[in-house]
*Asks:* 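One structure follows; several queries about it will come next.
For clarity, every value in this text was computed on a predicted model and none was experimentally measured. Chain letters run A, B, ... following the sequence lines, proteins first, then strands; residues in each count from 1.
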Number of protein chains: 2
Amino acid sequence: MRDAGFTIRSMAERCGMTAHTLRYYERVGLIQPVGRARNGHRRYSEADEVWLNFLHCMRATNMPIREMQRYAGLRENGDATSLQRRSILEDHQAQIAEQIVALQQAHALLTHKIANYRKIEEHIRIDQPEPAEPELDCALVSAG
Amino acid sequence: MRDAGFTIRSMAERCGMTAHTLRYYERVGLIQPVGRARNGHRRYSEADEVWLNFLHCMRATNMPIREMQRYAGLRENGDATSLQRRSILEDHQAQIAEQIVALQQAHALLTHKIANYRKIEEHIRIDQPEPAEPELDCALVSAG
DNA sequence: TCTTGACTGAGAGCGCGCTCCAAGATGTAC
DNA sequence: GTACATCTTGGAGCGCGCTCTCAGTCAAGA
């Protein structure tokens, strides 16, 4: 039983998901019913792969399944839905930008706190008894 | 009933969490038992606020509660745990760096796709009947 | 023929991180 | 006194996104 296309397993590997997840995505309408081999097993096309990779990328950046469903639904209705789809992507892009800012701030905070821990460790190493100066905390957030 | 410190409500507002969440965090050991007014109501100190803001920042960057619990536990044991705490922060910082990369890639992909949608919209506007050129897809991920 | 392994669908279960509920105590305003 | 608001607790419930189980089918290989 060969028939053309990727098995669910190999497609899962290619996209960094599990077979369970691929079936789940199909079930909830994120991907349209996939082609089948003569034995009823799924066979994924390269177009499926591209789409799945896109879904994976959106999920990895915290787009909710619901939003992805909306997008997938629009996509099935062709070019006429371009505007709405673009709007979804623009919203998500804005979300991503916000996430990046939050992550960068946290990253900076951690750089500061890590440096502070190093200082504490120095103190402990050099003069055991001394209780190490209180944390030089970051302007943004701190304690800990 | 005044007593010193912030009520759970005002602290929740200050930290961008709900009162529910503050109680939950206390319950699971992310914050040590908070001081009380004479009527038994919680009263948060400024030190609590600093710590809660830090927790909030870590959660907002996807540190799991479990990890935060580990960190909080170490923190209660003083400077001797500096090395372990630093290690947790370093790991999380690395995680953050990875997240930023993924987000930046997705952001770039979306820029591309959004531009593509604009083109499709142009086509539709200019010559209704023509079916708009197939998507000029991104090298990285695409479809949709 | 028998075993092995990959698949199938339906549906239950799970881990996370809250979020809400119910019943009760206390404090403030009228 | 009587509302009303705000808090308390323990514990149940929830939404999300999977993840797993189960019983069954099918095809290839020894």
*Asks:* Is a donor from one side chain sitting under 3.5 angstrom from an acceptor on the other, for B/Ser45 and B/Asp48?
*Replies:* yes
*Asks:* Roughly, in whole Å, what's the span from CZ in A/Arg36 to C1' in C/dC7?
*Replies:* 10 Å
*Asks:* In Å and rounded to the nearest 0.5 Å, what is the CD1 to CG distance from B/Ile31 to B/Leu52?
*Replies:* 4.0 Å
*Asks:* Nearest-Å distance, CE (B/Met11) to P (D/dC7)?
*Replies:*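 In whole Å, D/dC7 P lies 13 Å from B/Met11 CE.
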*Asks:* Would A/Met68 and A/Leu55 count as a side chain to side chain contact (heavy atoms under 4.5 Å, CB included) if you check the C-alpha gap in whole Å, the side-chain angles of each, and the deciding distance to 0.1 Å?
*Replies:* CA-CA 7 Å; A/Met68 289 166 52; A/Leu55 290 180; 3.7 Å; yes
*Asks:* Within the 3.5 Å criterion, strictly below it, is a donor on A/Gln95 or A/Asn62 matched to an acceptor on the partner's side chain?
*Replies:* no
*Asks:* Check whether any side-chain N or O of B/Thr7 sits under 4.0 Å from OP1 or OP2 of D/dT6, and answer yes or no.
*Replies:*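 Checking B/Thr7 against D/dT6: no side-chain N or O falls below 4.0 Å of OP1 or OP2.
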*Asks:* Excluding sequence neighbours, so at least two apart, what forms side-chain contact (heavy atoms from CB on, under 4.5 Å) with B/Ala19?
*Replies:* B/Ile8, B/Arg23
*Asks:* Quick one: B/Arg38 CZ to C/dT26 P, roughly how many Å, whole number?
*Replies:* 14 Å
*Asks:* May I have the distance from A/Arg23 (atom CZ) to C/dA12 (atom C1'), rounded to whole angstrom?
*Replies:*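 To the nearest whole Å, that distance equals 16 Å.
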*Asks:* Rounding to an integer number of Å, can you tell me how far A/Asn62 CG sits from D/dC18 P?
*Replies:*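 That distance rounds to 11 Å.
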*Asks:* Rounding to an integer number of Å, can you tell me how far A/Ile8 CD1 sits from C/dT8 C1'?
*Replies:*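 That distance rounds to 9 Å.
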*Asks:* State which residues pass side-chain contact (heavy atoms from CB on, under 4.5 Å) with A/Gln84; sequence neighbours excluded, sorted by chain then number.
*Replies:*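 Partners of A/Gln84 by the side-chain contact (heavy atoms from CB on, under 4.5 Å) criterion, ordered by chain and then number, come out as A/Leu74, A/Thr81.
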*Asks:* Summarise protein proximity over nucleotides 13-18 of chain C in one line of letters, 5' to 3': B for base, S for sugar-phosphate only, - for none, counting protein heavy atoms closer than 4.0 Å.
*Replies:* ---SBB
*Asks:* Could you tell me whether the phosphate oxygens of C/dT8, OP1 or OP2, come under 4.0 Å of any side-chain nitrogen or oxygen in A/Arg9?
*Replies:* no
*Asks:* May I have the distance from B/Phe6 (atom CZ) to D/dC7 (atom C1'), rounded to whole angstrom?
*Replies:*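 The distance from CZ of B/Phe6 to C1' of D/dC7 comes to 18 Å, rounded to the nearest Å.
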*Asks:* Please report, rounded to the nearest Å, how far the C1' atom of C/dT26 is from the NE2 atom of B/His41.
*Replies:*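 Nearest whole value for this atom pair: 6 Å.
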